[in-house]
Amino acid sequence: MLDNLDAGSRPLDLVDEVYAFGSYARGALQPGDLDVAVVHRTDTEFTEHVVGALMYGRDPMAGMKRALKGSKRGFQFQFNQNDRLPEGSEPRLLWKRGDPRATAEERLQAMKADLDAGRAPRDAVIEQFDGLDRWIPLPHTRPAKACPVKIARGRWWAIS
């Protein structure tokens with residue numbers, strides 16, 4: 001990821017900061033994934049891309065995700081939402097535009113293993129949804145206050 005960020009090709013030229021959070025940042029020996037929070041700017045070209053992707057039902061951040069991680073798996077990205085990360089996430093700065101690569105590598109090496117660190121506690125979910133949270137980005141796992149979802153007979157969703 002550092003190589004890709006240092007190259008700064010489109011759309012990574014918009015990225016200003018990258019943070020790790022979650023179990024990896026806490027030092028878990030076997031994290032389920034790598035949670036990454038990205039702070040980026042937008043411009044007209046990027047905004048047009050996002051709107052176009054949304055209009056056609058595509059993930060508007062897929063290009064940035066691909067540019068950051070390449071073909072690797074096991075990443076969960078949050079974009080421009082550090083203020084909405086789960087309580088206690090404690091994001092740790094990994095990379096900042098303008099810093100030398102050595103600084104980013106030092107930050108990464110400073111994350112020490114912690115035998116007591118594990119996966120963060122999860123909100124209780126009904127049995128049918130157990131494990132589904134791993135596949136849904138964080139903002140979509142938060143309860144919607146304006147549109148609560150009710151479970152009827154444990155099988156159907158009714159939006160009220």
Side-chain angles (χ1 to χ4, degrees), residues 1-123 125 129 131-145:
M1 185 181 305
L2 291 177
D3 290 336
N4 297 347
L5 286 162
D6 286 340
S9 58
R10 193 69 176 180
L12 299 184
D13 60 331
L14 298 171
V15 175
D16 291 321
E17 297 172 343
V18 175
Y19 295 82
F21 68 98
S23 56
Y24 183 86
R26 287 191 311 276
L29 297 176
Q30 295 183 349
D33 57 11
L34 177 58
D35 298 304
V36 179
V38 178
V39 177
H40 66 88
R41 291 168 277 114
T42 60
D43 60 13
T44 302
E45 180 183 344
F46 185 77
T47 301
E48 289 173 354
H49 164 76
V50 167
V51 170
L54 290 171
M55 288 176 60
Y56 288 98
R58 297 188 314 259
D59 178 358
M61 302 308 290
M64 191 173 287
K65 290 175 187 175
R66 197 170 27 261
L68 284 163
K69 67 182 181 77
S71 61
K72 294 178 178 64
R73 302 176 84 166
F75 288 83
Q76 290 293 322
F77 290 101
Q78 301 301 313
F79 294 96
N80 288 344
Q81 297 185 12
N82 282 13
D83 60 332
R84 297 172 77 189
L85 295 175
E87 189 174 324
S89 291
E90 301 175 27
R92 297 183 61 178
L93 181 65
L94 290 179
W95 181 88
K96 184 174 183 174
R97 178 158 308 286
D99 284 351
R101 181 187 176 101
T103 302
E105 290 173 350
E106 288 169 10
R107 289 178 183 133
L108 187 59
Q109 294 302 320
M111 289 187 204
K112 301 296 181 197
D114 180 353
L115 296 174
D116 295 325
R119 197 166 179 209
R122 303 291 189 240
D123 294 330
V125 296
F129 293 161
L132 188 61
D133 62 317
R134 296 188 62 203
W135 304 103
I136 303 173
L138 281 176
H140 301 294
T141 61
R142 305 243 189 274
K145 293 179 182 173

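Numbers here are sequence positions counted from 1. Just so it is clear, the values below take in all heavy atoms, side chains as well, and ignore hydrogens, waters and symmetry mates.
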Quick check for you: to the nearest 0.5 Å, what is the distance between N80 atom CG and D16 atom CG? 8.5 Å
Grab the two heavy atoms, one from D13 and one from G8, that are nearest each other, plus how far apart they are. CB-O, 3.3 Å
Would you name the heavy atoms of V36 and M1 that are closest together and state the gap between them? CG2-CE, 4.2 Å
When every non-hydrogen atom of A37 is compared with those of L85, the smallest separation belongs to CB-CD1, 4.3 Å
To the nearest 0.5 Å, what is the distance between CG on L94 and CG on L34? 7.5 Å
Minimal heavy-atom distance between Q76 and D33, with the atoms involved, is CG-OD2, 3.0 Å
Heavy-atom distance under 4.5 Å between the side chains of K69 and F77, does that happen here? yes
For Y24, check ring-ring contact (aromatic ring centres under 6.0 Å, His included) against everything at least two apart and list the hits. none
Please identify each residue that fulfils side-chain contact (heavy atoms from CB on, under 4.5 Å) with E90, with sequence neighbours left out. none
Does some side-chain heavy atom of F79 sit less than 4.5 Å from a side-chain heavy atom of H40? yes
Just so I know, are the side chains of L68 and N4 near enough to count as touching, which here means a heavy-atom distance under 4.5 Å? no
Which atom names give the shortest non-hydrogen contact between P11 and A67, and what distance separates them? CD-CB, 4.0 Å
d(S23 OG, L29 CG) to nearest 0.5 Å is 10.5 Å
Taking the side chain as everything from C-beta on, heavy atoms only, tell me whether D59 gets closer than 4.5 Å to K65. yes
Between D35 and R26, is the closest basic N to carboxylate O distance under 4.0 Å? no
Can you tell me how far the CE atom of M64 sits from the CZ atom of R10, to the nearest 0.5 Å? 8.0 Å
Taking side chain as C-beta onward, heavy atoms only, is F21 less than 4.5 Å from N82? no
Using the ring of each side chain (for Trp, its six-membered ring), is F46 parallel, tilted or perpendicular to H49, with breaks at 30° and 60°? tilted
Can you give me every donor-acceptor pair (side chain of residues 102-111, partner residue at least two apart or in another chain, under 3.5 Å) with its distance?
from : atom 1 : to   : atom 2 : distance (Å)
E105 : OE2    : R101 : NE     : 2.7
R107 : NH1    : D99  : OD2    : 3.1
R107 : NH2    : D99  : OD2    : 2.7

